[in-house]
There are 2 protein chains.
Amino acid sequence: MTIAAPTGSSRDLPHPQRAEIRLEAVLHALSDPLRLQVVRELAADGGELSCSHFDLPVTKSTTTHHFRVLRESGVIRQVYRGTAKMNGVRRDDLDGLFPGLLDSVLAAAARQAVRLGSR
Amino acid sequence: MTIAAPTGSSRDLPHPQRAEIRLEAVLHALSDPLRLQVVRELAADGGELSCSHFDLPVTKSTTTHHFRVLRESGVIRQVYRGTAKMNGVRRDDLDGLFPGLLDSVLAAAARQAVRLGSR
DNA sequence: CTTCTCGTACGATAGACATCGTAGTACGGC
DNA sequence: GCCGTACTACGATGTCTATCGTACGAGAAG
């Protein structure tokens, strides 16, 4: 029946429940440079960022695809706010399932960014 | 001239140097269930195991492929010992580059194994 | 209502990858 | 030298995935 919209928005998107999140899917989602970069920025921000906030070197269609991979793997949560779609890392769920994993990956990414050319 | 074989063996295999190891490649290598399982066993053992020690549900060709992906991403080191090929996790290099990452992933895999059916 | 922005959906495409089977090479033992 | 074991190399195949372009839908602003 789906009564009452959760957060007050209209259309909402399918997310895996916490128990459905699979480590292999998370690692796969993070193994793409573009997606890893997105997650780094989202984690650094801590809050929610719109898709259009990111200036990725691919078309909008491709961007949508990458965000979907991140959402379906359980790494991020996506919510519509008016015309924009806001994205946030599912830190609670990830830390609950895999303590320390996200932080290790983010730290590793930061280290590698410094080690290579960088940013 | 290549004088003196390092460990006493003859043919040796191409490995990335420590500085060439890329986080994305490591995550990608670990995102396959079979490969993750192999790495878990190798890490649990701590030493070296032959390819034939693993009883994977795929043919030998496919096994060879997976071990190569692990080697080329820098996750494991492979050495010939007579007719057998021994495999070991490159713990020093991984811990040096990405402190805590490998342990987080292994812990996450162990947790998930318990959480699901398990083993 | 029209228009603008933001993002989706769908179809196409090219490349990557997991898988197999067969044939071959290296090494150790007989 | 010959055979068996361990693993590789190569070619084929089906699936997945990253990418694009175009056309569409939902909401805000005029």
Side-chain angles (χ1 to χ4, degrees), chain A residues 5 7-15 22 24-39 41-42 48-88, chain B residues 2 5-15 22 24-39 42 48-73 75-88:
Chain A
T7 41
S9 267
S10 46
R11 358 164 222 181
D12 46 87
L13 302 149
H15 289 78
R22 299 280 268 112
E24 294 88 336
V26 171
L27 293 178
H28 177 247
L30 296 177
S31 71
D32 181 280
L34 278 183
R35 293 193 291 256
L36 183 56
Q37 181 59 31
V38 166
V39 172
E41 290 188 38
L42 284 177
E48 292 182 327
L49 295 173
S50 71
C51 288
S52 55
H53 171 268
F54 298 87
D55 191 23
L56 302 177
V58 292
T59 64
K60 279 194 297 182
S61 326
T62 305
T63 301
T64 299
H65 161 71
H66 284 304
F67 275 102
R68 173 160 37 185
V69 172
L70 286 171
R71 170 168 51 81
E72 291 181 345
S73 67
V75 176
I76 67 170
R77 189 175 295 284
Q78 297 191 293
V79 183
Y80 281 106
R81 296 229 189 284
T83 174
K85 190 158 76 170
M86 305 304 288
N87 306 276
Chain B
T2 66
T7 41
S9 267
S10 47
R11 7 167 213 177
D12 45 87
L13 302 149
H15 289 78
R22 296 282 266 113
E24 294 88 336
V26 171
L27 294 178
H28 176 247
L30 296 177
S31 72
D32 180 281
L34 279 182
R35 292 194 291 257
L36 183 57
Q37 181 59 29
V38 166
V39 172
L42 285 177
E48 292 182 328
L49 294 174
S50 71
C51 288
S52 55
H53 171 269
F54 297 86
D55 192 22
L56 302 177
V58 291
T59 64
K60 278 195 294 183
S61 324
T62 306
T63 301
T64 299
H65 162 70
H66 285 304
F67 274 102
R68 174 162 36 187
V69 171
L70 286 172
R71 170 169 51 82
E72 291 181 345
S73 67
V75 176
I76 67 171
R77 190 175 295 282
Q78 296 190 294
V79 183
Y80 280 105
R81 295 229 191 286
T83 173
K85 190 157 77 168
M86 306 303 290
N87 305 276

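The structure displayed is predicted, hence computed values, not measured ones. Letters go in sequence order (proteins before strands), and every chain restarts at 1.
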Checklist entry - Looking only at side chains, do A/T64 and A/S61 share a donor and an acceptor under 3.5 Å apart? => result no
Item to check | Contact residues, residues 59-67 of chain A to DNA chain D [heavy atom, < 4.0 Å] | outcome: A/T59, A/S61, A/T62, A/H65, A/H66
Item to check | Rounded distance (Å) that lies between atom P of C/dA9 and atom CG of A/L13 | outcome: 8 Å
Item to check | Minimum heavy-atom distance between A/L34 and A/D32, given as atom pair plus value | outcome: N-OD1, 2.9 Å
Checklist entry - Rounding to a whole Å, what distance do you find between B/Y80:OH and C/dA26:P? => result 10 Å
Next on the checklist: By nearest atom, which of the nucleotides D/dA18, C/dT19, C/dC6 is closest to the A/T83 side chain?
Outcome noted: C/dC6
Checklist outcome for this item: Against the side chain of A/V58, the closest entry in D/dA9, D/dC20, D/dA6 is D/dC20
Checklist entry - What is the distance, rounded to the nearest whole Å, between atom CG of B/L49 and atom C1' of D/dC7? => result 16 Å
Checklist entry - D/dC7 P sits how many Å from B/F54 CZ, rounded? => result 11 Å
Checklist entry - Would a 4.5 Å heavy-atom cut-off, applied to side chains only, mark B/S73 and B/L27 as touching? => result no
Checklist entry - What is the distance from CD of B/E24 to P of D/dT17, rounded to the nearest Å? => result 18 Å
Next on the checklist: Rounded to whole Å, please give me the gap between CD1 in B/I76 and P in D/dC7.
Outcome noted: 12 Å
Next on the checklist: Is B/R81 close enough to C/dG28 that one of its side-chain N or O atoms is under 4.0 Å from OP1 or OP2 there?
Outcome noted: no
Next on the checklist: Please compare B/Q78 and A/V69 by the position of their nearest nucleotide in DNA chain D and report the one closer to 5'.
Outcome noted: B/Q78
Checklist entry - Rounded to whole angstroms, how far apart are NE2 on A/H53 and C1' on C/dT5? => result 17 Å
Checklist entry - B/Q37 CD to C/dA18 P: how many Å, rounded? => result 17 Å
Next on the checklist: Counting the atoms with a prime plus P, OP1 and OP2 as sugar-phosphate, which does A/H28 contact under 4.0 Å by heavy atoms, base, sugar-phosphate, or nothing?
Outcome noted: sugar-phosphate
Next on the checklist: Testing the basics here: between B/R35 and B/A29, what is the closest heavy-atom pair and its distance to 0.1 Å?
Outcome noted: NE-O, 2.8 Å
Polar-atom pairs under 3.5 Å, protein N or O versus N or O of nucleotides 12-14 of chain C: list them with distances, or write none.
none

Checklist entry - What residues form a side-chain hydrogen bond (donor to acceptor under 3.5 Å, both in side chains) with A/H15, not counting sequence neighbours? => result none
Checklist entry - Side chain of A/N87, backbone of A/L49: donor and acceptor closer than 3.5 Å? => result yes
Item to check | Pairwise distance CZ(A/R68) to CG(A/L13) - rounded to 0.5 angstrom | outcome: 10.0 Å
Item to check | A/R81 and A/S50: CA distance, side-chain angles, deciding distance, side-chain contact (heavy atoms from CB on, under 4.5 Å) verdict | outcome: CA-CA 9 Å; A/R81 296 229 189 284; A/S50 71; over 6 Å; no
Checklist entry - Which heavy-atom pair separates B/R71 from B/P14 by the least distance, and what is that distance? => result NH1-O, 2.8 Å
